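Please read these numbers as outputs of a predicted model, since none were measured by experiment. In what follows, chains are A, B, ... by sequence order, proteins preceding strands, each numbered from 1.
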There are 2 protein chains.
Amino acid sequence: MPLNAMPDAPASGATKARILDAAESLFMAHGFEATSLRAITASADVNLAAVHYHFGSKEELFQSVLARRLDPMNRARLELLARLESEAAPSPLPCERVLTAFLSPALTLARDPARGGKDFLRLLGRAYADPAPFIRHFLAEQYGVTIARFKAAFARALPHLPARELSWRLHFIMGALSYTLAGTDALKLIAELNPHDTANDEVLLRRLAPFLLAGLTAPLPDPSTVTRSLRGESARRRRAAPAARKPV
Amino acid sequence: MPLNAMPDAPASGATKARILDAAESLFMAHGFEATSLRAITASADVNLAAVHYHFGSKEELFQSVLARRLDPMNRARLELLARLESEAAPSPLPCERVLTAFLSPALTLARDPARGGKDFLRLLGRAYADPAPFIRHFLAEQYGVTIARFKAAFARALPHLPARELSWRLHFIMGALSYTLAGTDALKLIAELNPHDTANDEVLLRRLAPFLLAGLTAPLPDPSTVTRSLRGESARRRRAAPAARKPV
DNA sequence: GTACGATTCAAACAAACGTTTGAATCGTAC
DNA sequence: GTACGATTCAAACGTTTGTTTGAATCGTAC
């Protein structure tokens with residue numbers, strides 16, 4: 001009898017893939033430490049030892065879960081950036097299009113080739129905030145060249161921006177992006193974001209992009225602007241010369 | 001012999017505080033799940049059972065660690081906002097000063113009353129991304145009124161911005177802030193941010209504020225702007241009508 | 001059918017976990 | 001000094017953890 005090529009057969013050779021799917025979902029929901037291998041293998045309906053047979057350890061499983069989708073996403077980012085740059089040549093690619101090249105592959109992934117796209121992005125958002133060395137090393141290796149490439153593209157688009165300022169702003173962008181992707185129900189903290197919005201990642205990124213672009217192209221900070229009113233001497237100055245305030 | 005009031009005595013009544021300090025540091029470094037009570041009590045040099053005697057459980061200890069600094073910080077935020085608003089009355093408080101009222105107490109905390117200020121902010125950044133129910137419930141209760149209050153202040157400063165758009169942008173702000181505060185060495189991913197920068201939180205927030213302000217006051221998103229080039233038809237349009245691009 | 005590498009399985013491993021217990025100790029009021 | 005509540009302590013509780021083992025099973029080539 002033909003045992004192979006059955007679409008929903010649990011005993012097919014897809015044990016490895018089923019472990020990856022279950023692990024992705026559970027790691028996303030509870031984090032790396034709080035997810036046990038027994039919970040994963042039970043959810044995937046495979047034997048406990050299968051994880052070590054196919055992946056070697058829990059940490060390697062986690063890295064495989066990330067790499068399965070991160071790898072193609074970063075490749076798509078680099079390819080899209082190269083394509084847009086060659087189209088715009090010889091003039092440098094404008095800032096908002098570099099940003100598009102960075103965000104849109106994430107959007108495509110969120111819209112889910114196969115299943116788990118959104119779960120994965122939330123997992124990725126969590127991984128960014130995890131200080132575990134094996135996670136940080138993995139992300140650094142996986143993201144290093146991509147970030148460097150985009151940083152160079154942004155530097156060309158924003159020649160007036162000092163390199164260190166650009167580094168910080170890319171850091172802020174990664175923060176807003178990963179936090180948004182992590183999509184904890186901290187949303188409910190803020191307000192009446194209806195379920196429609198949270199479900200539609202395209203709407204989400206269409207709102208995120210202008211926000212990030214504005215921050216990226218913001219004027220350079222003025223040393224006296226932000227921390228001025230914090231020491232308690234703002235009352236008199238505020239009333240005396242309100243027009244002296246900088247239009248940040 | 002006078003056993004009390006010794007500054008560095010390990011046997012003083014400060015057992016509870018020593019547990020809080022050690023827990024704050026270790027929770028920051030390894031997260032909630034990956035930090036064991038045995039590691040905490042060993043670091044604090046107290047008996048293992050002291051945690052349950054003084055706090056009841058590991059989860060309640062975690063909440064106490066957060067509340068010890070979050071409570072005063074949010075109170076300072078609300079008081080500063082009220083002070084600035086009353087100074088600006090009857091005109092509404094401008095956007096950048098509402099943002100200042102939100103950020104500067106975090107800066108003050110980072111500059112460390114006593115010790116552990118920076119460790120705590122990194123811990124808080126991690127907690128934002130943690131989906132554990134008891135953490136989310138705690139943060140929602142702790143932050144609910146503060147966020148609502150600031151949202152109202154921002155709404156007065158930005159009357160043209162739809163309420164839902166404002167909610168999203170506050171969400172992005174929380175993301176960039178918490179990710180920055182979490183301060184994982186993802187910094188090293190991006191670039192040559194020298195140690196001086198990462199050590200100086202004032203510099204950090206002075207760079208974060210203009211970024212966030214620009215995003216907050218960005219023009220409303222244009223439906224066709226962001227996702228346009230993502231489908232693959234951008235080449236012809238880009239060359240044909242470059243002037244049609246919106247100056248987002 | 002027989003042999004063999006790849007895979008799955010039930011069972012057990014030692015270690016670490018959060019939590020509980022009950023006695024020992026401390027500080028203070030009588 | 002005696003009594004008492006608050007606190008500390010060593011030890012053990014039962015569970016769960018990641019990992020390992022060795023035999024059973026499968027799929028395929030001879």
Side-chain angles (χ1 to χ4, degrees), chain A residues 1-24 26-27 29-66 130 132-135 138, chain B residues 1-24 26-27 29-66 130 132-135 138:
Chain A
M1 74 184 80
L3 289 179
N4 51 354
M6 286 191 290
D8 282 16
S12 121
T15 299
K16 209 167 163 177
R18 290 224 312 290
I19 294 176
L20 284 174
D21 288 340
E24 180 177 75
L26 289 172
F27 281 147
H30 310 112
F32 175 75
E33 299 282 351
T35 302
S36 71
L37 290 182
R38 282 167 177 83
I40 293 173
T41 54
S43 168
D45 199 37
V46 302
N47 189 272
L48 172 61
V51 169
H52 293 89
Y53 178 79
H54 286 287
F55 299 94
S57 70
K58 188 187 179 185
E59 294 193 353
E60 288 172 282
L61 169 61
F62 188 80
Q63 293 175 340
S64 295
V65 168
L66 289 183
D130 201 310
F134 85 96
I135 295 181
F138 176 80
Chain B
M1 69 181 82
L3 289 179
N4 51 355
M6 286 191 291
D8 282 14
S12 121
T15 300
K16 209 166 162 176
R18 288 224 312 289
I19 294 176
L20 283 174
D21 287 342
E24 181 176 73
L26 289 173
F27 280 147
H30 310 112
F32 175 75
E33 299 282 350
T35 302
S36 71
L37 289 182
R38 283 169 176 82
I40 292 172
T41 54
S43 168
D45 199 36
V46 301
N47 189 272
L48 173 61
V51 168
H52 294 89
Y53 178 80
H54 287 287
F55 298 95
S57 71
K58 188 187 180 186
E59 294 193 352
E60 288 171 283
L61 169 62
F62 187 81
Q63 293 175 338
S64 295
V65 167
L66 288 183
D130 202 311
F134 85 95
I135 295 181
F138 177 80

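Across the protein-nucleic acid pair, B/Tyr53 atom OH and D/dG5 atom P stand 12 Å apart, rounded to whole Å. To the nearest angstrom, C1' of C/dT19 lies 15 Å from CD1 of B/Ile19. Distance, B/Glu59 CD to C/dC17 C1': 14 Å, rounded to whole Å. As rounded to whole Å, 16 Å separates atom P of C/dT20 from atom CZ of B/Phe55. Rounded to whole Å, the distance from CG on A/Asp45 to P on C/dT7 is 19 Å. The CZ atom of B/Arg38 sits 11 Å away from the P atom of C/dT19 (whole-angstrom rounding). Rounded to whole Å, atom C1' of D/dT8 lies 12 Å from atom CG of B/Leu48. Here the P atom of nucleotide D/dT19 and the CZ atom of A/Phe62 are 14 Å apart, to the nearest Å.
In terms of heavy atoms, A/Leu48 sits closest to A/Thr41 at CA-CG2, 3.6 Å. Shown here for B/His52 and B/Leu37, the closest heavy-atom pair between the two residues is CE1-CD1, 3.5 Å.
Taking 4.0 angstrom as the limit, A/His54 places a side-chain polar atom (N or O) nearer than this to OP1 or OP2 of C/dT8. The side chain of A/Ser57 contributes no N or O atom lying less than 4.0 Å from OP1 or OP2 of D/dG18. Contact annotation: A/Asn47 does not reach the phosphate of C/dT7 (side-chain N/O to OP1 or OP2, under 4.0 Å).
Taking every heavy atom of residues 29-37 of chain A and every atom of DNA chain C, no pair lies under 4.0 Å.
Interatomic distance, A/Asp21 CG to A/Lys16 NZ, rounded to the nearest 0.5 Å: 13.5 Å. Taken to the nearest 0.5 Å, the CG atom of B/Asn47 stands 10.0 Å off from the OG1 atom of B/Thr15.
Listed by first and then second residue, the side-chain hydrogen bond (donor to acceptor under 3.5 Å, both in side chains) pairs that reach into residues 54-65 of chain B are B/Ser57-B/Glu60, sequence neighbours excluded.
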Once Watson-Crick and G-U wobble pairs under 3.5 Å are found, how is DNA chain D written in dot-bracket notation, 5' to 3', with | for any base paired to another strand? ||||||||||||||||||||||||||||||
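Contact annotation: the side chain of A/Phe62 approaches that of A/Phe134 to within less than 4.5 Å [non-hydrogen atoms, C-beta and beyond]. Within the 4.5 Å cutoff, side-chain heavy atoms of A/Leu20 are placed close to those of A/Leu61. A 4.5 Å side-chain heavy-atom check between B/Glu33 and A/Phe32 finds every atom pair outside the cut-off.
Relative to the side chain of A/His52, the nucleotides D/dG18, C/dA10, D/dT8 differ in distance, and D/dG18 lies closest. Checked against D/dT19, C/dG18, C/dC9, the side chain of B/Lys58 finds its nearest nucleotide in C/dG18.
At least one donor-acceptor pair under 3.5 Å links the side chain of B/Thr35 to the backbone N or O of B/Leu26.
Residue contacts for B/Ala50: at a heavy-atom cut-off of 4.0 Å it reaches no nucleic acid atom on any strand shown.
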